[in-house]
Amino acid sequence: MNEFHLNGIGMTSQRTRDRLIGRLQDQGIRNFEVLDAIRSVPRHLFIDEALAHRAYEDTALPIGHNQTISQPYIVARMTELLIEGGRLKNVLEIGTGSGYQTAVLARFAQQVCSVERIKALQEKARARLKSLKINNVLLRYADGNTGMKDKAPFDGILAAAAPAQIPQELLEQLAVGGRLIIPVGEHKQVLYRVTRTETGFQQDKIEEVKFVPFRSGVR
Ligand code: SAH
């Protein structure tokens with residue numbers, strides 16, 4: 001099914017996308033540039049064709065290997081929190097998954113480094129980002145517990161999977177003034193914003209969330 005056909009039957013039409021944007025605004029997303037990014041990044045290209053008709057629903061959807069493409073609301077919310085202080089130079093994402101959040105982040109950072117532990121997902125994400133001509137992204141197949149030391153420090157780090165506790169390495173790879181947006185917890189998860197200050201870390205609870213677990217090792 002190509003984009004023309006999808007558009008033809010209205011599943012990915014501008015109207016469908018605008019409806020999603022309205023929903024995100026109702027849920028409190030205010031950053032105009034973030035809303036614009038969600039409106040323009042073609043989410044239907046980041047999921048299987050069989051699910052493409054649901055691409056602009058505000059819901060997580062399966063992408064195989066027991067993983068999901070993140071809900072648009074949470075992608076918008078985390079991006080908004082990450083860029084609150086302005087555009088970013090160097091961002092680290094843990095959990096490339098479909099590459100959807102990566103594509104959104106790529107609009108707000110000079111460089112996005114993204115780590116994924118499932119090779120098959122990473123390969124698909126790489127092909128999608130390439131076909132969309134998104135070139136400021138560095139994908140690495142690795143366990144995100146250790147971040148990406150050789151590319152640190154980062155002025156923003158975003159995790160798309162929830163660890164029981166914040167991995168120490170991620171905190172260490174934050175630049176002073178940089179922020180980490182991460183869901184934490186096993187059954188009940190809370191989204192945190194951790195800001196590195198001159199003297200330590202400031203931790204703010206944002207809201208309750210539901211993410212896939214942050215795992216160890218690669219597959
Ligand atoms: N933002 C992605 C979300 C994918 S789901 C999207 O919208 O498509 C979370 C992803 O994190 C999964 O692909 C999972 O394999 C990955 N993940 C979980 N633990 C990880 C780890 N320790 N290192 C790297 N990736 C991890």
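Indexing begins at 1, ligand by ligand and atom by atom, following the structure's order. The basis for the numbers below is simple: all heavy atoms, side chains too, and nothing from hydrogens, waters or symmetry mates.
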- line: Residues at least two apart in sequence or cross-chain that pass salt bridge (charged side-chain N to carboxylate O under 4.0 Å, His left out) with Arg87, listed by chain then number, are Glu33
- request: Taking only Lys NZ, Arg NE, NH1 and NH2, and the carboxylate oxygens of Asp or Glu, determine whether Arg39 and Asp36 approach each other closer than 4.0 Å.
  value: yes
- line: Residues joined to Ile157 in its hydrophobic cluster, side chain to side chain under 4.5 Å directly or through other members, sorted by chain and number, are Leu92, Ile94, Val115, Leu138, Met148, Phe154, Ile166, Leu170, Leu171, Leu174, Leu180, Ile182, Val184, Val190, Tyr192, Val194, Phe201, Phe214
message: Counting only heavy atoms from other residues, nucleotides and ligands, does the tally under 6.0 Å from CG of Asn66 exceed 12?
response: no
What are the distances between nitrogen or oxygen atoms of ligand 1 and protein nitrogen or oxygen atoms, counting only those under 3.5 Å?
unit_1   : atom_1 : unit_2 : atom_2 : d
ligand 1 : 1 (N)  : Ser70  : OG     : 3.2
ligand 1 : 7 (O)  : Ser70  : N      : 3.0
ligand 1 : 7 (O)  : Ser70  : OG     : 3.4
ligand 1 : 8 (O)  : Ser98  : N      : 2.9
ligand 1 : 8 (O)  : Ser98  : OG     : 2.6
ligand 1 : 13 (O) : Glu116 : OE1    : 2.7
ligand 1 : 13 (O) : Glu116 : OE2    : 3.3
ligand 1 : 15 (O) : Glu116 : OE2    : 2.6
ligand 1 : 19 (N) : Arg215 : N      : 3.0
ligand 1 : 22 (N) : Asp143 : OD1    : 3.0
ligand 1 : 22 (N) : Arg215 : O      : 2.5
ligand 1 : 23 (N) : Gly144 : N      : 2.7
ligand 1 : 25 (N) : Arg117 : N      : 3.4

task: Would you mind listing every salt bridge (charged side-chain N to carboxylate O under 4.0 Å, His left out) that reaches into residues 66-85, with sequence neighbours excluded?
output: Arg77-Glu80, Arg77-Glu207, Glu84-Arg179, Glu84-Arg193
- prompt: Cut-off 3.5 Å, side chains only: do Ser98 and Gln67 have a donor facing an acceptor?
  reply: no
